[in-house]
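Predicted, not measured: the structure shown is a model, and the values here were computed from it. Position 1 is the first residue of the sequence, and the numbers go up from there. Every number for a ligand or one of its atoms is a count from 1 in the order of the listing.
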Amino acid sequence: MKTAIITGASDGLGKAIAKTLIDSGMKVINISRSKSDVEGIENITCDLSSEKDIEKTIKIIKEKYSNFDVLINNAAIVGYSKLSDLEYEKFEKTWKINTIAPLYLIAKLFDLIVKNEADVINIGTTHSQHAHPGVENQLAYCSTKYGLRGGSYNISNELKKTKSRLIHVYMGGFQSKMHEKDYGNVMTDPENWMKTTDLADIIKYLINLPKQIEISEITINRKGRRG
Ligand SMILES: NC(=O)c1ccc[n+]([C@@H]2O[C@H](COP(=O)([O-])OP(=O)(O)OC[C@H]3O[C@@H](n4cnc5c(N)ncnc54)[C@H](OP(=O)(O)O)[C@@H]3O)[C@@H](O)[C@H]2O)c1
């Protein structure tokens with residue numbers, strides 16, 4: 001049975017990916033602060049902004065789940081703030097969760113990734129491709145996701161001579177409560193946004209691509225949002 005480790009599978013996209021992978025016969029381990037209620041999932045409780053929690057999580061993975069086949073770095077927050085109101089602590093926390101945690105997890109699990117011939121998927125955003133309009137007050141989000149993108153390039157290079165692949169996904173907007181939870185912005189037109197179940201099917205497809213194919217970056221967006 002193939003095993004996937006997913007950060008942030010207690011809600012939103014991560015939860016949909018977890019369910020889709022479990023339904024396809026995979027074992028899934030979630031890493032988040034609250035437990036995921038997806039049937040059959042195993043949970044590691046961890047605040048990804050905490051160094052202590054991350055070190056504990058790495059230890060658990062090495063002891064209990066060292067044979068994983070894919071690591072999906074999905075958890076993130078927006079860290080919304082008007083520029084002039086930006087608080088150091090919130091800015092730093094966004095960097096910790098969105099950039100440091102995923103890159104540190106890859107680094108510390110790197111030897112296992114290579115040994116297992118495991119793949120890594122980093123969930124980024126189209127906001128780290130272009131200066132899209134509509135991202136006012138999201139300096140933390142955009143900059144941290146650019147950081148993740150940069151880290152993906154570096155790690156892809158490190159993986160070049162191995163059997164492992166890293167896919168960086170530039171994700172467009174989808175139905176989720178991420179913005180509502182962060183700064184109260186309720187999605188009033190869900191029908192205009194992508195569905196997490198459709199995105200989860202695409203992630204499943206990417207994971208199962210023949211090993212001689214490498215998709216290093218992919219953009220998944222709402223129709224008409226290119227450029
Ligand atoms: N929503 C969009 O339209 C959109 C667009 C492009 C890209 N994305 C990206 O897609 C990914 C998933 O977003 P989403 O909308 O599904 O988000 P979401 O519904 O808010 O879910 C976020 C997940 O991350 C976890 N998380 C948050 N803070 C954490 C922390 N400190 N420690 C551990 N886990 C933490 C949450 O679990 P706990 O709260 O239980 O910790 C939750 O499971 C993110 O990388 C996001 O940047 C989203």
Side-chain angles (χ1 to χ4, degrees), residues 5-20 28-38 41 43-58 60 71-80 89-90 92-105 120-130 132 134-135 138 140-149 151-152 167-190 192-200 202-203 217-222 225:
I5 297 174
I6 310 180
T7 66
S10 63
D11 205 359
L13 178 62
K15 185 171 176 173
I17 296 171
K19 189 166 180 330
T20 297
V28 175
I29 321 302
N30 168 50
I31 299 171
S32 61
R33 290 168 303 175
S34 56
K35 285 198 169 135
S36 175
D37 61 6
V38 173
I41 204 164
N43 287 285
I44 302 175
T45 307
C46 168
D47 180 345
L48 288 167
S49 68
S50 152
E51 181 184 350
K52 200 167 131 239
D53 276 19
I54 294 187
E55 296 295 1
K56 187 195 75 187
T57 297
I58 289 162
I60 294 171
L71 168 66
I72 304 178
N73 282 307
N74 161 78
I77 60 167
V78 183
Y80 188 90
E89 206 175 316
K90 188 173 178 184
E92 183 185 48
K93 186 178 171 192
T94 312
W95 275 93
K96 282 181 176 171
I97 297 168
N98 295 6
T99 316
I100 295 175
L103 297 178
Y104 190 70
L105 274 180
V120 178
I121 296 195
N122 285 341
I123 304 293
T125 167
T126 50
H127 294 319
S128 66
Q129 284 179 308
H130 312 284
H132 282 303
V135 283
Q138 294 186 39
Y141 188 65
C142 295
S143 57
T144 55
K145 289 293 192 176
Y146 262 103
L148 182 64
R149 176 186 178 179
S152 290
I167 308 173
H168 189 92
V169 182
Y170 299 99
M171 196 64 90
F174 56 82
Q175 295 172 6
S176 123
K177 291 203 160 55
M178 181 175 81
H179 292 274
E180 183 179 337
K181 286 186 285 187
D182 202 275
Y183 58 101
N185 186 38
V186 178
M187 184 178 277
T188 52
D189 57 343
N192 292 327
W193 301 81
M194 296 187 286
K195 285 187 190 157
T196 54
T197 45
D198 292 334
L199 300 174
I202 298 173
I203 300 294
E217 297 180 85
I218 185 168
T219 302
I220 308 171
N221 213 341
R222 288 180 285 157
R225 290 284 292 188

Give me the nearest non-hydrogen protein atom to atom 34 (N) of ligand 1 as residue plus atom name, then the distance to 0.1 Å. S32 CA, 3.6 Å
Counting each atom of ligand 1 from 1 as listed, which ones have a heavy atom of S10 under 4.0 Å away? 36 (C), 37 (O), 38 (P), 40 (O), 42 (C), 43 (O)
Any G172 heavy atom less than 4.0 Å from ligand 1: yes
Give a yes or no answer on whether the side chain of S49 reaches the backbone of K93 with a donor-acceptor pair at less than 3.5 Å. no
Can you report which non-hydrogen protein atom sits closest to atom 25 (C) of ligand 1, along with the distance? G8 CA, 3.7 Å
Considering only non-hydrogen protein atoms, determine which one is nearest to atom 40 (O) of ligand 1 and report residue, atom name and distance to 0.1 Å. S34 OG, 2.4 Å
Applying a heavy-atom cut-off of 4.0 Å, say which part of K145 lies close to ligand 1: side chain, backbone, both or neither. side chain
Taking only heavy atoms of G124, which atoms of ligand 1 are found under 4.0 Å from at least one of them? 7 (C)
Is there a polar contact, in the sense of an N or O pair closer than 3.5 Å, between G14 and ligand 1? no
Residue that, paired with T144, satisfies side chain to side chain donor-acceptor pair (under 3.5 Å) out of N98, T125, T94: N98
Taking S152's backbone N and O only, do any of them form a donor-acceptor pair with N122's side chain (distance below 3.5 Å, no angle check)? no
Part of I97 with heavy atoms under 4.0 Å of ligand 1, whether side chain, backbone, both or neither: side chain
Backbone N/O of T7 and side chain of N74: donor-acceptor pair under 3.5 Å: yes
Test log, rule side-chain contact (heavy atoms from CB on, under 4.5 Å), inputs N73 and V120: CA-CA 8 Å; N73 282 307; V120 178; 4.2 Å; yes
Between CZ of F174 and CG of D198, what distance do you get to the nearest 0.5 Å? 12.0 Å
Neighbour count above 12 (heavy atom, 6.0 Å) for K56 NZ: yes
Check K181 against ligand 1 and report side chain, backbone, both or neither, counting heavy atoms closer than 4.0 Å. side chain
Can you find a pair of side-chain heavy atoms, one from H179 and one from Q138, that are under 4.5 Å apart? yes
Would M171 count as being in polar contact with ligand 1, using the rule that some N or O on each side must be under 3.5 angstrom apart? no
Applying ring-ring contact (aromatic ring centres under 6.0 Å, His included) to Y80 and not counting sequence neighbours gives Y183
Taking non-hydrogen atoms only, is Y141 closer than 4.0 angstrom to ligand 1 via side chain, backbone, both or neither? side chain
Below 4.0 Å, non-hydrogen atoms only: which portion of I77 touches ligand 1? Side chain, backbone, both or neither. side chain
When distances are taken from atom 17 (O) of ligand 1, the protein heavy atom at minimum range is M178 CB, 3.7 Å
Does the N or O separation between T125 and ligand 1 drop below 3.5 Å for any pair? no
E92 CD: over 12 foreign heavy atoms closer than 6.0 Å: yes
Numbered atoms of ligand 1 (with element) below 4.0 Å of S176, judged on heavy atoms: 1 (N), 14 (P), 15 (O), 19 (O)
Can you name the atoms of ligand 1, numbered from 1 with element, that are less than 4.0 Å from a heavy atom of I123? 9 (C), 10 (O), 11 (C), 45 (O)
Could you tell me whether the side chain of R225 and the main chain of G172 form a donor-acceptor pair under 3.5 Å? no
Considering non-hydrogen atoms of the protein only, which is the closest contact for atom 31 (N) of ligand 1, and what is the distance? D47 OD1, 2.9 Å
The test is side-chain contact (heavy atoms from CB on, under 4.5 Å); show your working for V28 and V38 and say whether it passes. CA-CA 10 Å; V28 175; V38 173; over 6 Å; no
Just let me know how A101 lines up against ligand 1, side chain, backbone, both or neither, with a heavy-atom cut-off below 4.0 Å. neither
Please lay out, stage by stage, how I54 and K96 fare under the test side-chain contact (heavy atoms from CB on, under 4.5 Å). CA-CA 11 Å; I54 294 187; K96 282 181 176 171; over 6 Å; no
Are side-chain N/O atoms of S32 and N30 paired as donor and acceptor at under 3.5 Å? yes
heavy-atom search around atom 26 (N) of ligand 1 in the protein gives A75 CB, 4.0 Å
Could you pull out, from K15, K96, K177, R33, the option with a heavy atom nearest to atom 27 (C) of ligand 1? R33
What are the atoms of ligand 1, with element, lying closer than 4.0 Å to any heavy atom of C46? 32 (N), 33 (C)
Quick check: does L48 get an N/O under 3.5 Å from an N/O on ligand 1? yes
Which of these, T45, L13, N74, has its nearest heavy atom closest to atom 16 (O) of ligand 1? L13
Taking 4.0 angstrom as the limit, do D47 and K52 come out as a salt bridge? no
Atom 19 (O) of ligand 1: nearest protein contact (heavy atom, Å): G12 CA, 3.3 Å
Students should be able to answer this: which protein heavy-atom is nearest to atom 4 (C) of ligand 1, and at what distance? F174 CE2, 3.2 Å
